Protein chains: 2
Amino acid sequence: MEDYLETIATLKKEIGVARVKDIGRLLNVKNPSVNAALNVLSDLGLVFHERYGYVDLTDKGEELAQNIKKRHDIMVRFLTTILKIDPKTAEEDACRMEHAMSDETFEKFTKFMEFVETCPKKERPIWLQNFDFYIKTGKRQNCTKREDK
Amino acid sequence: MEDYLETIATLKKEIGVARVKDIGRLLNVKNPSVNAALNVLSDLGLVFHERYGYVDLTDKGEELAQNIKKRHDIMVRFLTTILKIDPKTAEEDACRMEHAMSDETFEKFTKFMEFVETCPKKERPIWLQNFDFYIKTGKRQNCTKREDK
DNA sequence: TTTATTAGTTAGATGAAACTAACATATACT
DNA sequence: AGTATATGTTAGTTTCATCTAACTAATAAA
């Protein structure tokens, strides 16, 4: 159900409206599956859908959808920028992992990416460059003593 | 199914044998569900199970189970040591996230934790201590220039 | 304005994974 | 050995998300 909400939000943002057909296309399910899902979401007060009309999100649904999109986004960013996972795989993994995260974990992941992305030194923090090196060579650089705290 | 394999491996390790009852207890399902799962896993050549006997893993099943346990373990370690998620939540999240990770992501997570845990400087790398500080205060320490690479 | 095409809906089927209730076996106790 | 209790199994049901096929409504074209 989270996937449906997320897709509806995406479609509204991308092409202005959410149609049954497009929701199904993006989620790789057929129209009747979309319909069934919309009935459930409608009962839950998350979407507004009248017969043969476009699909819309209620305030509550919009809020939930945005939350899920944020989870998705943070996982993609983490996987691509920290772990250097290729974008396609990162996207797929994020799609699955986004549903498995507790609120607490989501918050912390967000903080973590904030911490990395606002690094004042240079674009990519030193320690991450060291990690890149470790991935590439299996060895550490900068292993001599240093006194910075 | 991955959960069943993982649980069987855990039981064998912890108490020596895997019984239907104990598998069910750990996974919060009833005996008949365990039985049905064992039939499937048996057909897939992942477990060995004869009527009224203990459950055992085939070599293939053992390998898969260990792989899943490694995913679980790496996620718990990441969540607790990097993000400082409380152990209970970390455990729950790991249980769900472990199934959502691609091989590639698993490998990189593993490298990442290796990189962090073998830090030669002190127990906890400086940058992680900086992250801890950022979490606690919302501010960065060490924001002045420094020349170490 | 009639008809063709496209999109949406409904009804009914399937498969997966769980359940309960009833039955079977094994083990441990007397 | 005989029986009670635990555990394991089978049969049959439920729920859920998907599907296909058939039908309906909206739209665009002739």
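Side-chain atoms are counted along with the backbone in the values below, which use heavy atoms only and exclude waters and symmetry mates. Predicted, not measured: the structure shown is a model, and the values here were computed from it. Note on naming: letters A, B, ... go to the chains in the order of the sequence lines (proteins, then strands), and numbering restarts at 1 for each one.
Within residues 18-29 of chain A, the residues approached by DNA chain C to less than 4.0 Å at the level of any non-hydrogen atom are A:R19, A:V20, A:K21, in residue-number order.
Pair check for C:dT25 finds none; no Watson-Crick or G-U wobble contact set falls under 3.5 Å. Across every strand in view, D:dA6 sits unpaired, with no contact that passes the Watson-Crick or G-U test at under 3.5 angstrom.
For the side chain to side chain donor-acceptor pair (under 3.5 Å) condition, no pair includes a residue of residues 36-52 of chain A, sequence neighbours left out. Evaluation of the side chain to side chain donor-acceptor pair (under 3.5 Å) test over residues 18-27 of chain B, restricted to residues two or more places apart or in two chains, returns B:R19-B:D22, B:D22-B:R25. Annotation: side chain to side chain donor-acceptor pair (under 3.5 Å) contacts involving residues 57-66 of chain B, sequence neighbours excluded, comprise B:E62-B:Q66.
Under a 4.0 Å N-O distance rule, the pair B:D103/B:K108 does not qualify as a salt bridge.
If you measure from atom NZ of B:K30 to atom P of D:dT7, you get 14 Å, rounded to the nearest angstrom. Taking atom CG of B:N35 as the reference point, atom P of D:dA6 lies 20 Å away to the nearest angstrom. Between A:N31 atom CG and D:dA21 atom P there is a gap of 15 Å when expressed in whole angstrom units.
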Can you tabulate the close N/O pairs, meaning under 3.5 Å, that link protein atoms to atoms of nucleotides 22-29 of chain D?
from   : atom 1 : to    : atom 2 : distance (Å)
D:dA25 : O4'    : A:Y52 : OH     : 3.3

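When distances run from any side-chain atom of B:P32 to the nucleotides D:dC19, D:dG8, D:dA11, the shortest one goes to D:dA11.
Side-chain atoms of A:I82 and A:M113, non-hydrogen and from C-beta on, do get closer than 4.5 Å to each other.
If you chain together ILVMFWY residues whose side-chain heavy atoms come under 4.5 Å of each other, B:V17 ends up grouped with B:Y54.
One finds a side-chain N or O of A:S33 lying less than 4.0 angstrom from the OP1 or OP2 phosphate oxygen of D:dC19.
Using a 4.0 Å heavy-atom distance criterion, A:Y54 is classed as making no nucleic acid contact.
A:Y4 is linked by a ring pair (Phe, Tyr, Trp, His ring centres under 6.0 Å) to nothing, counting only residues two or more places apart in sequence or in another chain. Taking A:D73 as the reference, A:R77 meet the side chain to side chain donor-acceptor pair (under 3.5 Å) condition, with sequence neighbours excluded. With sequence neighbours excluded, the residues that form a side chain to side chain donor-acceptor pair (under 3.5 Å) with B:K88 are B:E92. Applying the ring pair (Phe, Tyr, Trp, His ring centres under 6.0 Å) rule to A:Y134 yields the partners B:F115; only residues at least two apart in sequence or on another chain are considered. Considering only residues two or more places apart in sequence or on other chains, B:E107 meets the side chain to side chain donor-acceptor pair (under 3.5 Å) condition with none of them.
Once you apply a 4.0 Å limit to the heavy atoms of chain B, the touched nucleotides of DNA chain C run 5' to 3' over C:dA17 to C:dA26.
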